[in-house]
Amino acid sequence: MIRLKLIKQEYIDYARANASIGINGTVLTNVNSNALVLSPRYIQKLKALADVFRPYGIQVYLTARFSAPIETGDLETADPLNAEVRQWWKNKADEIYAAIPDFGGFLVKANSEGQPGPNNYGRSHVDGANMLAEAVAPHNGIIMWRAFVYSEEKPEDRAKQAYSEFKPFDGKFKDNVLVQVKNGAIDFQPREPFHPLFGAMPDTPLMMEFQITQEYLGGMSHLVFLPKLFEEVLEEDTYTEGEGSTVANIIDGQLSNKKLTGMAGVANIGTAKNWTGHPFGQANWYGFGRLAWDPETSAKTIAQDWLKMTFTNDSDFVDPMTKLLLESREAVVNYMTPLGLHHIMAANHHQGPGPWVKDMPRPDWTSVYYHKAAVDGIGFDRTSSGSNALEQYAPEIQKKYSDPATTPDKYLLWFHHLPWDYKMKSGKTLWYEIAAHYQKGVEQVEDMQKTWQTMKEYVNPQVFEKTNMLLNIQLKEAKQWRNACLLYFQQFSKMDFPDFIPEMTKDLNYYKSLKLPYAPGISPSWN
């Protein structure tokens with residue numbers, strides 16, 4: 001028996017903080033973790049944490065590396081229809097539950113971004129998920145099987161692939177399986193239309209996966225109130241059972257009468273003294289917890305409650321800061337990816353602009369794959385004349401979004417490839433409106449700075465100064481996004497910048513040359 005002698009106070013504080021906002025479970029390992037986390041030594045570590053979290057009503061979960069039977073050296077295959085493999089997982093589940101009777105179950109990333117899965121053996125996601133579901137079922141465990149799948153071998157639009165793979169399996173998963181679906185079909189972009197799987201699998205419990213870490217929204221240096229993003233997705237109408245069939249009503253089980261429901265959040269909690277790095281990053285953690293229990297709670301209510309509990313009840317602080325929070329997400333969309341643009345960040349990390357990115361190991365890791373900027377225009381045609389990803393939505397949405405004139409501007413270039421001189425609803429050209437949104441995003445950050453300068457008397461000096469410095473960084477990076485993207489797209493539009501765009505003092509090559517050697521998620525390097 002391995003005895004663990006140190007329980008850090010941080011674990012207790014973490015459990016208490018999660019419990020305070022209603023979070024009742026935590027997956028302790030990354031979705032890309034290897035099989036080591038299933039070894040006896042780590043099961044003992046898991047037990048120690050489970051004992052800490054249990055008084056706070058929090059169950060612990062692990063990621064299950066699909067190839068674990070091979071990586072442990074026990075078997076030569078991980079085929080989910082192989083009897084020895086099935087028994088291996090049953091034995092592993094029994095081993096874990098013997099140590100932790102209230103273990104929650106497994107989260108699985110399979111056949112995505114190089115991760116192994118049932119497809120390696122010619123088997124389906126149902127085969128893999130149901131095998132694991134059978135292993136944990138005697139212990140009342142659950143399987144959260146992620147639907148984030150895409151393959152470079154498949155020529156179809158990446159936005160279509162999860163739907164294509166999972167829709168045929170509706171109703172075939174075991175009752176203790178939750179299919180975990182990201183809010184959008186690409187990958188946690190500043191803005192995406194809701195994922196078409198919501199509304200397409202009425203006989204399968206679908207679990208929402210939101211990201212709290214701001215991976216594509218400036219990381220922990222940008223002030224972005226994500227409950228506004230969450231609210232936008234949850235309020236979307238899928239029309240799966242007629243008008244009013246919102247995403248929120250699907251994931252909470254109202255429309256399908258499902259008892260097993262859930263919402264997952266990719267956490268922004270780290271080792272910083274204030275947990276999240278950015279003082280306002282805590283608002284996103286808090287907002288996620290609120291919405292997980294009541295997905296119809298308004299972002300405004302969440303913002304007001306968090307500000308009052310964190311700083312002061314004084315309306316002279318709460319009112320302007322509520323406005324700031326509610327507008328902050330739109331500011332980021334404007335200075336990064338306006339009008340439905342998406343996935344145009346730098347290569348090898350997700351910080352900073354990179355609309356020029358191409359020649360990556362796979363085309364759907366590039367920027368040019370998504371924006372398709374050329375002399376004839378910009379945008380990804382997902383109508384019947386293009387990839388037809390629009391077909392995956394309800395007829396009511398198809399009808400509205402098939403025509404650029406009736407497509408909401410916020411999704412315009414997500415669904416349409418349009419000429420630079422296309423006349424927008426404003427009467428201006430598409431090129432003008434792209435420039436106007438980038439400029440507006442910068443100005444919104446400047447307004448955030450001005451508002452924050454008037455809040456000094458309501459917060460402690462350390463929080464004020466740190467937020468002030470971070471807003472300075474945000475403004476600098478917002479300008480970089482504006483300048484780099486407009487300079488790049490101007491090569492194709494061949495049109496002058498509108499008068500409101502400040503004179504560019506750097507050329508496109510300058511922005512291409514910028515390095516971020518310490519960007520999150522990569523090994524520090526100047527190469």
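If you run ring pair (Phe, Tyr, Trp, His ring centres under 6.0 Å) between H342 and each of Y216, Y370, F415, only Y370 comes through. With H222 as reference, E477 is the one residue of Q351, E477, Q214, H278 to meet the side chain to side chain donor-acceptor pair (under 3.5 Å) rule.
Between L62 and F103 the shortest side-chain heavy-atom distance falls below 4.5 Å. Between K466 and L470, the closest side-chain pair of non-hydrogen atoms falls below 4.5 Å.
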#### Entry: M321 and T451: CA distance, side-chain angles, deciding distance, side chain to side chain contact (heavy atoms under 4.5 Å, CB included) verdict
CA-CA 8 Å; M321 286 304 297; T451 298; 4.1 Å; yes
### Query
Checking side chain to side chain contact (heavy atoms under 4.5 Å, CB included) for the pair Y61/L28: CA distance, chi angles, key distance, verdict?
CA-CA 6 Å; Y61 297 76; L28 297 172; over 6 Å; no
### Task
Decide side chain to side chain contact (heavy atoms under 4.5 Å, CB included) for T213 and F188; before the verdict, give the C-alpha distance in whole Å, the side-chain angles of both, and the deciding distance to 0.1 Å.
CA-CA 10 Å; T213 66; F188 298 135; over 6 Å; no
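The side-chain tip of K372 points at the ring of Y369 from less than 6.0 angstrom away and within 45° of straight on. Because its NZ or CZ atom is both nearer than 6.0 Å to the ring centre of F380 and within 45° of the ring axis, R382 counts as a cation-pi partner of that residue.
Aromatic pair H371/Y488: centroids less than 6.0 angstrom apart. In this structure, Y239 has its ring center no closer than 6.0 Å to that of Y393. Within the 6.0 Å centre-distance limit, the rings of F311 and W306 are counted as a close aromatic pair.
Residues V60 and F53 come closest through the heavy atom pair CG1-CD1, 3.5 Å.
The aromatic rings of F288 and F230 sit perpendicular, their planes meeting at an angle over 60°, well past the 30° parallel limit.
D237 places a side-chain N or O within 3.5 Å of a backbone atom of S245 that can act as its donor or acceptor partner. A distance-only check finds no donor-acceptor pair linking the side chain of H195 to the backbone of M208 [under 3.5 Å].
From L475, atom CG reaches atom CG of D447 across 10.5 Å, with rounding to the nearest 0.5 Å. Here the straight-line distance linking atom CD of E113 with atom CH2 of W365 works out to 6.5 Å at 0.5 Å rounding.
Salt-bridge formation is not detected for the pair K182/E192: no Lys NZ or Arg NE/NH1/NH2 atom is positioned less than 4.0 Å from an Asp or Glu carboxylate oxygen.
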